[in-house]
Amino acid sequence: MHAQTAADAALDMANMLDGAGGGVSSGELIAALQNAADAGQPMAMWQLGTMYENGEGVDRDPAKAFGYFAQIANQHADTAPRGVEADIVARSFVKVGEYYKDGLPDAGIAADSGRAHALLLHAATYFGDADAQYRVGLLYLSEDELGVNPLQSARWFSLAARKGHCPAQAHLGDLLFAGMDGIAAQPVEGLMWLTIAQQRCASTADAPWVNKMFDNAMTLSTPDEQTEAGKLAKSIAPQFAGF
């Protein structure tokens, strides 16, 4: 069996409660999810949180969405960092961190960048969540967040990139290609990561800026560097096929 993501688990739960034949009404589905959430099931809380966040089957209500994500994070912070439940908990930490970053007046939540960073770092370190690690990498590229530190940024991007996170692969490639304080430019390895990212991010919302990074590196690199990077990308790309 392949490892499920939080989205897979939530969809499986919704399909199960829906009876696969549409025999359960929307109201009954929400009631069933609510009962499961009240019983402490993270998947049900995650499903309800995403529904209220996006207005899917219910009126959009960010305050209720925040409540469900926060409940998961508060009740399951020490969940073993593996498996479906861990994935849901890690993503919930990321979600709650997003809300604290900008604040949520309707829920009485003031903007708190320190708490937002702490929540994101917990998801990135304890749970090893790739998206959280990518976001931490971005924080180290901004003076207004954790301060500009390319080495730290590359470290976090590398952790996420090796888990198949294509935006992280692109940023890692861009940093390596250009070089950074204390590390000389590595055009071949940088272009390798950019090549992998350009292929994996195709048809996603990230494709435009990833393509721009890739095209810029191609313009600045030599034919020999492009050939070598292409060979390396082809040799390691299969390991990301399952992501």
(request) Taking all heavy atoms of M51 and all of L33, pick out the closest pair and write down the distance. (result) SD-CD1, 3.8 Å

(request) Indicate yes or no: at least one non-hydrogen side-chain atom of D87 is less than 4.5 angstrom from one of R91. (result) yes

(message) Using a 3.5 Å distance criterion without hydrogens, assess whether the side chain of E225 forms a donor-acceptor pair with backbone atoms of T222.
(response) yes

(request) Write out all pairs satisfying disulfide (SG to SG under 2.5 Å) with one or both partners inside residues 58-112, taking only residues at least two apart or from two chains. (result) none

(request) Examine I109 and V94 and state if one hydrophobic cluster contains both, with Ile, Leu, Val, Met, Phe, Trp and Tyr joined whenever side-chain heavy atoms are less than 4.5 Å apart. (result) no

(request) Please identify each residue that fulfils ring-ring contact (aromatic ring centres under 6.0 Å, His included) with Y68, with sequence neighbours left out. (result) none

(message) Restricting to ring-ring contact (aromatic ring centres under 6.0 Å, His included), what partner residues turn up for F69, sequence neighbours left out?
(response) W46

(message) Going by disulfide (SG to SG under 2.5 Å), name the pairs with one or both residues in residues 52-154, residues two or more places apart or in two chains.
(response) none

(message) Between Q239 (side chain only) and I236 (backbone N and O only), is there a donor and an acceptor less than 3.5 Å apart?
(response) yes

(message) With side-chain contact (heavy atoms from CB on, under 4.5 Å) as the criterion, how do W193 and F214 come out once you've worked through the C-alpha distance, each side chain's angles and the decisive distance to 0.1 Å?
(response) CA-CA 9 Å; W193 281 114; F214 173 78; over 6 Å; no

(request) Can you run down the disulfide (SG to SG under 2.5 Å) pairs that involve residues 56-154, sequence neighbours left out, and say none if there aren't any? (result) none

(message) Using a 3.5 Å distance criterion without hydrogens, assess whether the side chain of N74 forms a donor-acceptor pair with backbone atoms of A70.
(response) yes

(message) In the structure I gave you, are the side-chain heavy atoms of K163 and Q133 within less than 4.5 Å of one another anywhere?
(response) yes

(request) Identify the two heavy atoms, one from L191 and one from S221, that lie closest to each other, and give their separation to 0.1 Å. (result) CD2-OG, 3.7 Å

(message) Distance check, rounded to the nearest 0.5 Å: F157 atom CZ versus Y134 atom OH?
(response) 6.0 Å

(request) Mind jotting down which residue pairs meet the ring-ring contact (aromatic ring centres under 6.0 Å, His included) criterion with at least one end in residues 215-239? Sequence neighbours excluded, please. (result) none

(message) Can you tell whether the side chains of E53 and K64 come within less than 4.0 Å, N to carboxylate O?
(response) no

Show me, pair by pair, the donor-acceptor contacts under 3.5 angstrom made by side chains of residues 166-187, not counting sequence neighbours?
from	atom 1	to	atom 2	distance (Å)
Q169	NE2	A161	O	3.1

(request) Applying side-chain hydrogen bond (donor to acceptor under 3.5 Å, both in side chains), name anything that partners S153, two or more places apart in sequence or on another chain. (result) none

(request) First locate atom CG of L104, then atom CD of E98, and finally report the distance between them rounded to the nearest 0.5 Å. (result) 12.0 Å

(message) Checking the side chain of R60 only, and the main-chain atoms of Y52 only, is there a donor and an acceptor separated by less than 3.5 Å?
(response) no

(message) Looking at every heavy atom in both E56 and T50, which two are closest together, and how far apart are they?
(response) OE1-O, 4.4 Å

(message) Are V136 and Y99 linked, directly or through intermediate hydrophobic residues, by side-chain heavy-atom contacts shorter than 4.5 Å (ILVMFWY only)?
(response) no

List the atom pairs, with distances to 0.1 Å, where a side-chain N or O of residues 118-131 and a protein N or O form a donor-acceptor pair under 3.5 Å, not counting sequence neighbours.
from	atom 1	to	atom 2	distance (Å)
H122	NE2	A77	O	3.2
T125	OG1	L121	O	2.6
Y126	OH	D78	O	3.2
Y126	OH	T79	O	2.9
D129	OD2	D131	N	3.3
D129	OD2	A132	N	2.9
D131	OD1	H165	NE2	3.2
D131	OD2	R135	NE	2.8
D131	OD2	R135	NH2	3.4

(request) Determine the minimum heavy-atom distance between R200 and G164, stating which atoms define it. (result) NH2-O, 3.0 Å

(message) If I take atom CD from residue E85 and atom CD from residue Q41, how far apart are they, to the nearest 0.5 angstrom?
(response) 9.5 Å

(message) Are K231 and K234 packed together at the side-chain level, in the sense that at least one heavy-atom pair is separated by less than 4.5 angstrom?
(response) no

(message) So, using salt bridge (Lys or Arg N to Asp or Glu O under 4.0 Å) as the criterion, who are the partners of E228 when residues are at least two apart?
(response) none

(request) Indicate the atoms forming the closest heavy-atom contact of L194 with A217, along with that distance. (result) CD1-CB, 3.6 Å

(request) Report the residues that fulfil side-chain hydrogen bond (donor to acceptor under 3.5 Å, both in side chains) with D38, sequence neighbours left out, ordered by chain and then residue number. (result) Q34

Pair up each side-chain donor or acceptor in residues 138-146 with any protein partner under 3.5 Å, not counting sequence neighbours, and list the distances.
from	atom 1	to	atom 2	distance (Å)
S142	OG	D144	N	3.2
E145	OE1	H117	NE2	2.8

(request) Examine F93 and L159 and state if one hydrophobic cluster contains both, with Ile, Leu, Val, Met, Phe, Trp and Tyr joined whenever side-chain heavy atoms are less than 4.5 Å apart. (result) no

(message) So M218 and T195, do their side chains get closer than 4.5 Å, heavy atoms only?
(response) no

(message) Ignoring hydrogens, what is the shortest heavy-atom contact between C201 and T204? Give both atom names and the distance.
(response) O-OG1, 2.5 Å

